[in-house]
Amino acid sequence: MLHSFCKSPSSYRTNITLLPFFAFKHTCQMARSALDEMSDSGAFARTASTFRNFISRDPNSQFPPESGRYHLYVSYACPWASRCLAYLKIKGLDKAIGFTSVKPIWERTKETDEHMGWVFPTTNTEEPGAAPDPLNGVKSIRELYELASTNYTGKFTVPVLWDKKFKTIVSNESAEIIRMLNTEFNDIAENPALDLYAPHLRSQIDETNEWIYNAINNGVYRCGFARKQEPYDEAVKQLYEALDKCEEILSKQRYICGNILTEADIRLFVTLIRFDEVYAVHFKCNKKLLREYPNLFNYTKDVYQIPGMSSTVNVQHIKRHYYGSHPTINPFGIIPLGPNIDYSSPHDRARFSA
């Protein structure tokens, strides 16, 4: 876990780690999006997040876990943001940490360039599920980044964990935000006993996260954003090998790391819940649908039915974002009608003992 604390309040606005970029279509001075992250081979190459501060109960922490101090900016469409929202809900932290969702379809973020990204609606009724920025009155996620750092040159992604006190971004790395939400707010969480990163399972969770991220979470993007056949072929092969591995594991136990819910399940779920609705069509992951995997499909329904989880899934936002925000993949923005899966229907996962 990376801890990157500032020394003084004035430095909070610039405490970011700028990481080397791959061979991008645009220069680093220009606003970019995930569609620009391409290597010379035509493969999608995701860059790391850059705001890496950490909320901690340590007495010396610059970012202590205070109720009402932090705000989470998300998109219901984005799997990385949705796993943070899932933690907010199932840990019972949504009264201590507010959240706001952006509109699902990317729009122009500034009149001065062509960058397309996450924007807020102008009214509470413009976009069901989305709301205007309640804290800074900005029009886009890009403007939040520019408030936090005047020389920021990375992507303008969600999630954004915002500190109201110093008006800056604490973190935009979902893998670390969920760890903070898991433990650091337990004194004010409504469900503090839930530990999704239990000490006796940490090595197994870390190992599972690694292959699931590479082959599945990021794997679907490597399929969908590939611009040449070879990197697509490689990505789709790894994707289905990993899905087959999950299916085998879940034939023997209720969850991916055993018979208790862990962080690895939340990270896997956010991709699975989008699979048949968008990835199978939009990202060309159509070798086999999720519904054709009996264990994976029932497992997805099982996790969806955990109290609080269903409220983090907005299928209309998901479909409208993917089909409406990637014109190089879907130039006319046509949104498929189906499949409209009922994840609240019965599943068979209770057959495994806890």
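Checked against the 6.0 Å centroid threshold, Phe63 and Phe54 do not count as a close aromatic pair. Aromatic pair Phe156/His115: centroids less than 6.0 angstrom apart. Aromatic pair Tyr73/Phe120: ring centres closer than 6.0 Å.
Taking the charged nitrogens against the carboxylate oxygens, Arg179 and Asp206 do have a contact shorter than 4.0 Å, which makes a salt bridge. We find that Glu247 and Lys288 are not joined by a salt bridge, their nearest charged nitrogen and carboxylate oxygen being 4.0 Å or further apart. A salt bridge links Glu241 with Lys237; the closest basic N to acidic carboxylate O contact falls under 4.0 Å. Between Arg351 and Asp348 there is a salt bridge, with a side-chain nitrogen of the basic residue lying less than 4.0 Å from a carboxylate oxygen of the acidic one.
Note that OG1 of Thr300 is 7.0 Å distant from CZ of Phe269, once rounded to the nearest 0.5 Å. Cys246 contributes atom SG, which lies 4.0 Å from atom CD1 of Ile256 (distance to the nearest 0.5 angstrom). Between the CD1 atom in Ile216 and the OG1 atom in Thr271 there is a gap of 7.5 Å [rounded to 0.5 Å].
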Does the pair Tyr87 and Ile266 meet the rule for a side-chain contact (heavy atoms from CB on, under 4.5 Å), with working shown?
CA-CA 8 Å; Tyr87 267 69; Ile266 306 301; 4.0 Å; yes

Output, in order, the C-alpha distance, side-chain angles, deciding distance and verdict of ring pair (Phe, Tyr, Trp, His ring centres under 6.0 Å) for Tyr293 and Tyr299.
CA-CA 10 Å; Tyr293 288 99; Tyr299 162 84; over 10 Å; no

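Screening Ile141, Asp133, Val74 for a side-chain contact (heavy atoms from CB on, under 4.5 Å) involving Val102 leaves a single residue, Ile141.
Scanning for side chain to side chain contact (heavy atoms under 4.5 Å, CB included) contacts around Val236 gives Cys223, Tyr232, Tyr240, with sequence neighbours left out. Under the side chain to side chain contact (heavy atoms under 4.5 Å, CB included) criterion, Ser251 pairs with Glu248, Asn295, sequence neighbours left out.
Using a 3.5 Å distance cut-off with no hydrogens or angles, the side chains of Ser82 and Arg274 do pair a donor with an acceptor.
The same ILVMFWY cluster, assembled from side-chain heavy atoms under 4.5 Å apart, contains both Phe297 and Tyr279.
Relative orientation of the His326 and His321 rings is perpendicular, given thresholds of 30° and 60° on the angle between their planes.
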